[in-house]
Amino acid sequence: MLPRELFRKDPERIRRMLRSRHTEAPLDRLLEVDRQWRDLLTTLEELKARRNAGSKEIGLLFKDGKRDEAEARKASMSRLGDEIKDLEERTSGLEQEVETLELTIPNLLDAEVPEGANEDDNREIRRWGDPPSFDFSCQAHWDLGPALGILDFEQAAKLAGARFAVLRGPGAALERALISFMLDIHTREHGYTEVLTPYLVNSTSLQGTGQLPKFADDLFHIDGHDLYLIPTAEVPVTNLHRDESLDESAIPLRYCAFTPCFRAEAGSHGRDVRGLIRQHQFHKVELVQLTTPWTASDALEQLTGHAEVILQRLDLPYRVMTLCSGDVGFSAAKTYDIEVWLPGQDRYREISSCSNFSDFQARRAHLRYRPAEGGKARLLHTVNGSGLAVGRTLVAVLENYQQQDGSVVVPEVLRPYMGGMELIEPI
RNA sequence: GGAGAGGUGCCGGAGUGGUCGAACGGGGCGGUCUCGAAAACCGCUGACCUUUCACGAGGUCCAAGGGUUCGAAUCCCUUCCUCUCCGCCA
């Protein structure tokens, strides 16, 4: 959510942002409804001021024992009450429309975001590691995994349908090893506090981080309850401090969380239909930082680096992309995507998305801090990113560590987490 | 799921229809005193919205949403949440 004074005083700035994002939003409607709302509100508040004064007088008259005079005043006050009630209904209707509309305006973009229409215009800023060269024809994970007996899509389809997977034996252990490995690095070396949150959240939480009201179709909703399966741990973790004012001395807060994530993938029919890349349910270790306005930008660089460390320790080649204006998500001001090399697909694929949301989520979720030097509470800034998407990391390990005979070498850093296992061979 | 008790400001906790945005205590901030500190004493100390160039003015908020009333933290209804006991369950 953007500050109201911005669209009132500088709507052109928002129009430029929308053009740059190659998107549209009901800004004109918002401006019009906001104008109407404020006009009515002014009138309404005048009436209420009169009622307050009048009621006070009636109270005093009763106190002085002037019953008749008081009763006489009641009649006109009653009419005023009806008038207020009517005007109140219209005013709150307009106010609600303003609130609904402003929730559909995306965040302003950081000045460093390159111009561009879509993902083809994203800019590569660095690369790490060299893609492995195989002297045999390498396989995609959706062939490797089932052949090893550690990955089964058919059984998953029987249980739940398309876009689910069953991991078995060393496959399940590898997933679990990755989760523990990532959490250990982030908590022990990068200073994050691990939290384990609910996997179901209410609509207020989803509005706080920006998934609602605009992206309801991407979510799984629990019938008969105000509860949704989380699409990312970003939602519960960022909302931990919703409606709070933290002490500046506690800032920055760094949280990491392992959760399953659930996505309806409503708009992605036909995309990534094979394999583990795009699932309705997947595991992710998420990094979240709550910072002051001045440190958010550094925090994004730092947090992206924290995610990169995981890939470096696993010796998986990757590159970092700055998303262009047309590809930055609704709530984000700036985003780095980390893309890991997948030999089976002969290309880099997103494995982490790290964003600075400036005060956009904080304004929605009322995340504030009290400055150490005193004064009014200020909005926090939020920064988060995957550290990493676990399923896709498992894919990257399988494909990058495969051998000619179809076995997969276990990366050294994961062996302690897998009872010393060095090689995954067909079951 | 059943029975009961509750949800008030940064915290504790009063307040059952009229100067209540809310007593009192604690905390925090400032001051007096002191070489300094403690203690004591004094003062200040919520958020949001509209309006105004500004000073200021007005409105809203006592879990949330409705209702009664000239007037609601206080009365009524609904929902949510917390706690205790029972049941059930991992």
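If you're wondering where the values come from, they're calculated on a predicted model, not measured in any experiment.
Residue contacts shown for Arg50(A) are absent, as no nucleic acid heavy atom lies under 4.0 Å away. Within 4.0 Å of Ile58(A), counting heavy atoms only, lies at least one base atom of the nucleic acid.
Across U51(B), U19(B), C49(B), the shortest atom-to-atom separation from the side chain of Arg38(A) is found for U51(B). For Arg51(A), taking side-chain heavy atoms from C-beta onward, the closest of the listed nucleotides U19(B), U50(B), U60(B) is U60(B). Side-chain atoms of Arg368(A) lie closest to A47(B) of the nucleotides C70(B), U50(B), A47(B).
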Mind listing the side-chain donor-acceptor pairs of residues 67-81 of chain A below 3.5 Å, one per line with the distance, residues two or more places apart or on another chain?
unit_1: Arg73(A); atom_1: NH1; unit_2: Glu57(A); atom_2: OE1; d: 3.0
unit_1: Arg73(A); atom_1: NH2; unit_2: Glu57(A); atom_2: OE1; d: 2.9
unit_1: Ser76(A); atom_1: OG; unit_2: Arg73(A); atom_2: O; d: 3.2

Identify every side-chain donor-acceptor pair in residues 410-427 of chain A under 3.5 Å, counting partners at least two apart or on other chains, and give the distances.
unit_1: Arg415(A); atom_1: NE; unit_2: Val410(A); atom_2: O; d: 2.9
unit_1: Arg415(A); atom_1: NH2; unit_2: Val410(A); atom_2: O; d: 3.0
unit_1: Tyr417(A); atom_1: OH; unit_2: Asp184(A); atom_2: OD2; d: 2.6

What pairs of donor and acceptor atoms, side-chain ones from residues 386-395 of chain A against any protein atom, are under 3.5 angstrom apart with sequence neighbours left out?
unit_1: Ser386(A); atom_1: OG; unit_2: Ser353(A); atom_2: N; d: 3.1
unit_1: Arg392(A); atom_1: NE; unit_2: Ile277(A); atom_2: O; d: 3.0
unit_1: Arg392(A); atom_1: NH1; unit_2: Glu350(A); atom_2: O; d: 2.8
unit_1: Arg392(A); atom_1: NH2; unit_2: Ile277(A); atom_2: O; d: 3.0
unit_1: Thr393(A); atom_1: OG1; unit_2: Ala389(A); atom_2: O; d: 2.6

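One finds no side-chain N or O of Arg73(A) lying less than 4.0 angstrom from the OP1 or OP2 phosphate oxygen of U69(B).
Evaluation of the ring-ring contact (aromatic ring centres under 6.0 Å, His included) test over residues 224-259 of chain A, restricted to residues two or more places apart or in two chains, returns His221(A)-Tyr228(A), His241(A)-Tyr255(A), Phe258(A)-His283(A). Sorted by first and then second residue, the salt bridge (charged side-chain N to carboxylate O under 4.0 Å, His left out) pairs involving residues 141-169 of chain A (not counting sequence neighbours) are Asp143(A)-Arg274(A).
Summarising the geometry, atom CG belonging to Leu174(A) is positioned 8.5 Å from atom CG belonging to Leu167(A); distances are rounded to the nearest 0.5 Å.
When each of Leu41(A) and Met77(A) is assigned the nucleotide of RNA chain B bearing its nearest heavy atom, the one mapping closer to the 5' terminus is Leu41(A). With the nearest nucleotide of RNA chain B identified for both Lys56(A) and Ala377(A), Lys56(A) has the one nearer the 5' end.
Ion pairing between a basic and an acidic side chain is recognised when a charged N comes within 4.0 Å of a carboxylate O; Glu265(A) and Arg278(A) show such pairing. A salt bridge links Asp28(A) to Arg15(A): at least one charged side-chain nitrogen sits closer than 4.0 Å to a carboxylate oxygen.
Looking only at distances, no side-chain donor or acceptor of Arg349(A) sits under 3.5 Å from a matching main-chain atom of Glu339(A).
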Between the protein and nucleotides 54-58 of chain B, are there any N/O to N/O pairs under 3.5 Å, and if so, what are the atom names and distances?
unit_1: G58(B); atom_1: N2; unit_2: Glu45(A); atom_2: OE1; d: 3.0
unit_1: G58(B); atom_1: N2; unit_2: Glu45(A); atom_2: OE2; d: 3.3

All N/O pairs under 3.5 Å across the protein-nucleotides 7-12 of chain B interface:
none

Watson-Crick and G-U pairing of RNA chain B, under 3.5 Å, as dot-bracket with | and [ ]:
((((((((.[[[..)..(.....]]]((((((.......))))))((((((....)))))).[[[[[..)....]]]]])))))))....
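The side chain to side chain contact (heavy atoms under 4.5 Å, CB included) test applied to Arg242(A) returns Asn202(A), Thr204(A), Ser205(A), Asn239(A), Ala365(A), not counting sequence neighbours. Under the rule for a ring pair (Phe, Tyr, Trp, His ring centres under 6.0 Å), the partners of Phe164(A) that lie at least two apart in sequence or sit in another chain are His280(A). Residues meeting the side chain to side chain contact (heavy atoms under 4.5 Å, CB included) test with Ser20(A), sequence neighbours left out: Leu109(A), Glu115(A), Ser325(A).
Residues from residues 79-89 of chain A with heavy atoms under 4.0 angstrom of RNA chain B, sorted by number: Lys85(A).
Between the side chains of Asn384(A) and Ser355(A), no donor N or O sits under 3.5 Å from an acceptor N or O.
Rounded to whole Å, atom C1' of C48(B) lies 12 Å from atom CE of Met1(A).
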